[in-house]
Number of protein chains: 2
Amino acid sequence: MLDYFFNPKGIAVIGASNDPKKLGYEVFKNLKEYKGGKVYPVNVKENEVQGVKAYKSVKDIPGEVDLAIIVVPKKFVKDTLIQCGEKGVKGVVIITAGFGETGEEGKREERELVEIAHRYGMRIIGPNCVGIMNTHANLNATFITVAKKGSVAFISQSGALGAGIVYKTIKEDIGFSKFISVGNMADLDFAELMEYLADTEEDRAIALYIEGIKNGRKFMEVAKKVTKKKPVIALKAGKSESGARAASSHTGSLAGSWKIYEAAFKQSGVLVANTIDEMLSMARAFTQPLPKGNRVAIMTNAGGPGVLTADELDRRGLKLANLEEKTIEELRSFLPPMAAVKNPVDMIASARGEDYYRTAKLLLQDPNVDILVAICVVPTFAGMTLTEHAEGIIKAVKEVNNGKPVLAMFMAGYVSEKAKELLEKNGIPTYERPEDVASAAYALVQQARNVGKLEVE
Amino acid sequence: MLDYFFNPKGIAVIGASNDPKKLGYEVFKNLKEYKGGKVYPVNVKENEVQGVKAYKSVKDIPGEVDLAIIVVPKKFVKDTLIQCGEKGVKGVVIITAGFGETGEEGKREERELVEIAHRYGMRIIGPNCVGIMNTHANLNATFITVAKKGSVAFISQSGALGAGIVYKTIKEDIGFSKFISVGNMADLDFAELMEYLADTEEDRAIALYIEGIKNGRKFMEVAKKVTKKKPVIALKAGKSESGARAASSHTGSLAGSWKIYEAAFKQSGVLVANTIDEMLSMARAFTQPLPKGNRVAIMTNAGGPGVLTADELDRRGLKLANLEEKTIEELRSFLPPMAAVKNPVDMIASARGEDYYRTAKLLLQDPNVDILVAICVVPTFAGMTLTEHAEGIIKAVKEVNNGKPVLAMFMAGYVSEKAKELLEKNGIPTYERPEDVASAAYALVQQARNVGKLEVE
């Protein structure tokens, strides 16, 4: 179901162009990277697009076409869609804008498109969207740069915001599994896409940017099921009155009362993010197993970040674990006298990779600890390497291997890049800000609660 | 007063080293860049340090020494300080740790250091600190990489956090005027440093990372005066019980009740930041003039970011301006029919630099607008340049020139870097996140209220 959108056997780009100023140029250029099937340019005027034989109509294409990306001017969309139906296309992404978002007449035209599609058994994403990506299949059916590969499926109701987030995450080395710009959601909406994503393997969490949901009941019904399988994190825009008005003039969808949304999210197990970074931080946590409780151990080589993280965890309703006497004694045995051995464990600035290894191991083994947050301001002095602290954590996690989630906060800008990369490669999510790592820990606890795994509270 | 710390005529690095594993190596290496006066290495064993003639004692230095950086082992600190006094040194930065933060005995030793210093008329920053920077004088008296040049003076009670923030801001291209790691604040504390920074030209705002204040009354008295001249933004760590406990084992200072701090900050006009990024976002806003009111106009080429920013402004108690009919009509005259011309003005994705110019100009001229927030997801299609939108804003601000603050949110990761650079060069602070630009707008309004400039609310 819907897999023809994300792993299509053949793709037609209708409106593929040789003119770099046109969206159809970018879309076809991006899709040429796809390896899962043939990609055909369709252009009424050209014989070749970007060096590839072009077809006048999708119907002229000799091979099978699962997916069509429509970037033709608005007045041609309807006929193009009919041709797709006649060709036997299964999924259509309509990038072209000017439909439901412009008012009643546009809404009517949009409904007509959906009727045509359904008549032929096709489904539509869009119109008025940026397109879709599946980084695990090298599929970039958008006119923007492809996201980094990761484990979070991101569905955005704002195309430009989605693009901004993709660009931002590329810079920050954060990955997505899929990116879906849903546009006006004339046909496929959050609910059906979530339902599809619930059963895929590479999507570990689902992140939603929502301005307005059309069918609240359907959303809740689906979300209730999906959140039992996989975390769903929602960032809802238009919470304030002026925000809601802005949302309405943006997507034409009624933003509705935030209180109603909040209640609905809570009832259906959807985790609420307040900012883009919270949404991303929470979603990225789910490469980790779910914790059995909400008791966090913090280890750090820098006092300040430890204090700020303790504050943020508290704000999120999480607790600092009371370490066992045995753990404290063993920490005391090798950490310097100036170190703080209660939680947060402040190993002070002189801590080496070996200290990170031994401390992480002890904290993971402590039965009072449910989650480990490992903090490091990567030092540039005393001959320490940039990755030894990360290596220590990774080694400890591998050795202990008792199913407790580990989150890392390495807050040293460019200095910590290599360490972060290494941690991510080893499946440990990394953050740079106390509020981000606290959001991540909170999300793990909330999802454990959702699925009934939380034993200690 | 205290200028000998930041523009010294001569500097001695006592404990300067040839061993790259020692802090004294980094400090001397960093200080060699200083051009405002001579920098002398002092080392009891070496004749040369990093190719520069070394002295056995600070007293052997032939020239004048205003500032001494002490990085010798703890047991030598006291004698070294006496020698500094005999030499006529004015300011001493003690990087060496192991004093007040370790307990009562350390506190006693620390008090002794202060007594010695005062006997000779010297002042101390530290001990147990990372050092100080004055980017406008090329002065980096620390063992970490120098911060980017900017207009914010940052005083940090956590050295490692300060370092982490410096590294982070280098990566994010955010600048500081000064960085002061105050360590244990045995002598100089927040109050006296703020007092000094109140009258400097290059420091436009003062940002504080606070774990605990020793003399609250003095802090408040000074802050009340300083905040009338210049904004002071505080990030207080240890707000929660577990955070406060962690802070106490970190700096040995009592974090105290957050409610008391909050009241004190409010009474003395100190702006409260909740996160590191809020602190930086707020502080960086003050290259802008203060607004006369709290009515914000948003212009954007992307609906979603406009909605999120409207939400965040609302959360901060700011209002979206009701645009004049005339403004709306004129916007309608050149923006496409699908654009939203009420506030937020959504010029949609096709907006070019010229649209940014005309829209910014109209919004700045509207008497109902106190602050302009210009948002852009920099497009990578339709042949637009990466900087035309930024150029449009800059041109409008220059032409209108009516003293209204302008803040930019360019949220497109690596794609928006050039545009952001250009805006910053032209004095317009740039942000990447709705909550950051909203914090900045909030800070401007709060400071206008502080100094009695706010007319409209």
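With sequence neighbours excluded, no residue forms a side-chain hydrogen bond (donor to acceptor under 3.5 Å, both in side chains) with A/N322. Remark: A/K168 engages A/E172, A/D277 in a side-chain hydrogen bond (donor to acceptor under 3.5 Å, both in side chains) (not counting sequence neighbours). Residues forming a side chain to side chain contact (heavy atoms under 4.5 Å, CB included) with B/A339 (at least two apart in sequence, or on another chain): B/L335, B/P336.
Between A/S240 and B/D311, the shortest heavy-atom distance links the atoms OG-OD1, 2.8 Å. When all heavy atoms are compared, the tightest approach of A/Y414 to B/Y167 is CD2-O, 3.7 Å. Residues B/P305 and A/L161 share a closest heavy-atom pair of CG-CD1, 3.5 Å. Among all heavy-atom pairs drawn from B/S242 and A/L320, the shortest one is CB-CD1, 3.5 Å. Between B/G238 and A/V307 the shortest heavy-atom distance is N-CG1, 3.3 Å. The two residues B/V377 and A/A160 make their nearest non-hydrogen contact at CG1-O, 3.6 Å.
For A/D19, no part lies under 4.5 angstrom from a heavy atom of chain B. Using a 4.5 Å cut-off between heavy atoms, B/M338 contacts chain A through its side chain alone, with no backbone atom that close. For chain B, the nearby part of A/V378 is the backbone; its heavy atoms alone come within less than 4.5 Å.
Heavy atoms of other residues, nucleotides or ligands lying less than 6.0 angstrom from NZ of B/K74 number more than 12. B/K342 NZ: 12 or fewer foreign heavy atoms inside a 6.0 Å radius. Within a 6.0 Å radius of NZ in B/K418, other residues, nucleotides and ligands contribute 12 heavy atoms or fewer.
Proximity to chain B among residues 430-438 of chain A is limited to A/E432, A/R433, A/P434, A/E435, judged by heavy-atom separations below 4.5 angstrom.
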Item to complete: Apply the test side-chain contact (heavy atoms from CB on, under 4.5 Å) to residues A/E312 and B/T275: give CA-CA distance (whole Å), side-chain angles for both, the deciding distance (0.1 Å), then the verdict.
Response: CA-CA 9 Å; A/E312 290 289 339; B/T275 63; 4.1 Å; yes
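Atom CD of A/E211 and atom CG of B/L308 lie 7.5 Å apart (nearest 0.5 Å).
Between chain A and the residues B/S416, B/G306, B/G413, B/G98, the largest count of heavy-atom pairs under 4.5 Å involves B/G413.
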